[in-house]
Amino acid sequence: MDDLFLVNEINRLKIERDACILAHNYQLPEVQDIADIVGDSLALSKAAAETTNKVIVFCGVKFMAESAKILSPDKTVLIPSKYAGCPLADSITKEQLEIEKKKYPEAEVICYVNSSAEVKAVSDVSCTSSNAVKVVQNSKSNKILFVPDENLAGYVAEQVSDKEIIPWAGHCITHARITVDDVIKAQEEHPEAEMLVHPEVSEEIRENADFVGSTSAIINYAKNSDGKEFIIGTEIGVLHKMKKDSPEKQFYLLSPRLVCENMKMTRLVDVYNSLMNMQYEVFVPENVRIKALGSLEKMISIE
Ligand code: CIZ
């Protein structure tokens, strides 16, 4: 099946199924191009909640599709690749978090959206990389148990000095592939370029950056900047929108290893199969969903 056939079939099936296709900023270019909305997980989950379509095809990884289901329980949420997971989200289980909570009973538990529905259900509030600082600042507690990303926790701790942040030792394996040598090489090769990185990178990478932000923040920064060259320290998928937004600007990936295998599992043919066979439906047990919804809604109310 060639791409043109798949695109035509996906567009036909989308109408037949009353479906809306959502794609994360890290998806393959051809998957982003077929989507109705491209964005970060929060923007996509909000879009999922607002859409009038009966079916949502979530091109991303499992925790993102789960968030869409948590916020839109009456809709059929499909994930085209059932193996698209997130090692960072898998780095903490509900049981591990419950043990950790007992060690710090006075701490508020803030979980990054890159976590399972079960972990969200036992957390006080969720956050994304766009709003983590705001969510922590808003906390009434002086002690925060921040899970599961230690790099995002470290970044937040630098911004909010009046709270103790206790991190969980998880990290994104894709962002962790960036080395200091990558930074030195990129900055030597492109001395005029601004370096924009995601808060999931380690501190030694972050401290060399001109800007730290979520995928959407990085995309917006480059679009609105007068700069002409940018070194990008996050997953390669963001380059597609950046190049489309600003074809006259130059973008250099900080490391050739910034490719998330899980995000790249969803191909056009998987989107087609998803709509054709209504696969793979995402379910969240109702008792978990209700509690996880509390954590997501609290975050949304802070925004
Ligand atoms: O919130 C998201 O979608 C993630 C995982 C990253 C980002 O910065 O957009």
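This structure is a prediction, so every number in the text was calculated from the model and none was measured. Whatever order the structure lists ligands and atoms in, that order sets their numbers, starting from 1.
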Shortest non-hydrogen contact from V119 to C111?
-> CG1-CB, 4.3 Å
Could you go through ligand 1 and list every pair where one of its N or O atoms sits under 3.5 Å from a protein N or O, giving the atom names and the distance to one decimal?
from, atom 1, to, atom 2, distance (Å)
ligand 1, 1 (O), S41, OG, 2.9
ligand 1, 3 (O), H24, NE2, 2.6
ligand 1, 3 (O), S41, N, 2.7
ligand 1, 3 (O), S41, OG, 3.1
ligand 1, 8 (O), S129, OG, 2.7
ligand 1, 8 (O), H198, NE2, 2.6
ligand 1, 8 (O), T215, N, 2.9
ligand 1, 9 (O), T215, OG1, 2.5

Do S295 and S126 meet the criterion of a side-chain donor-acceptor pair at a distance under 3.5 Å?
-> yes
Check: H198/N151 side-chain N/O donor and acceptor closer than 3.5 Å = no
Does some side-chain heavy atom of K62 sit less than 4.5 Å from a side-chain heavy atom of N262?
-> no
Shortest non-hydrogen contact from H175 toward T234 = NE2-OG1, 2.8 Å
Donor on one side chain, acceptor on other, S81 and D270, under 3.5 Å = no
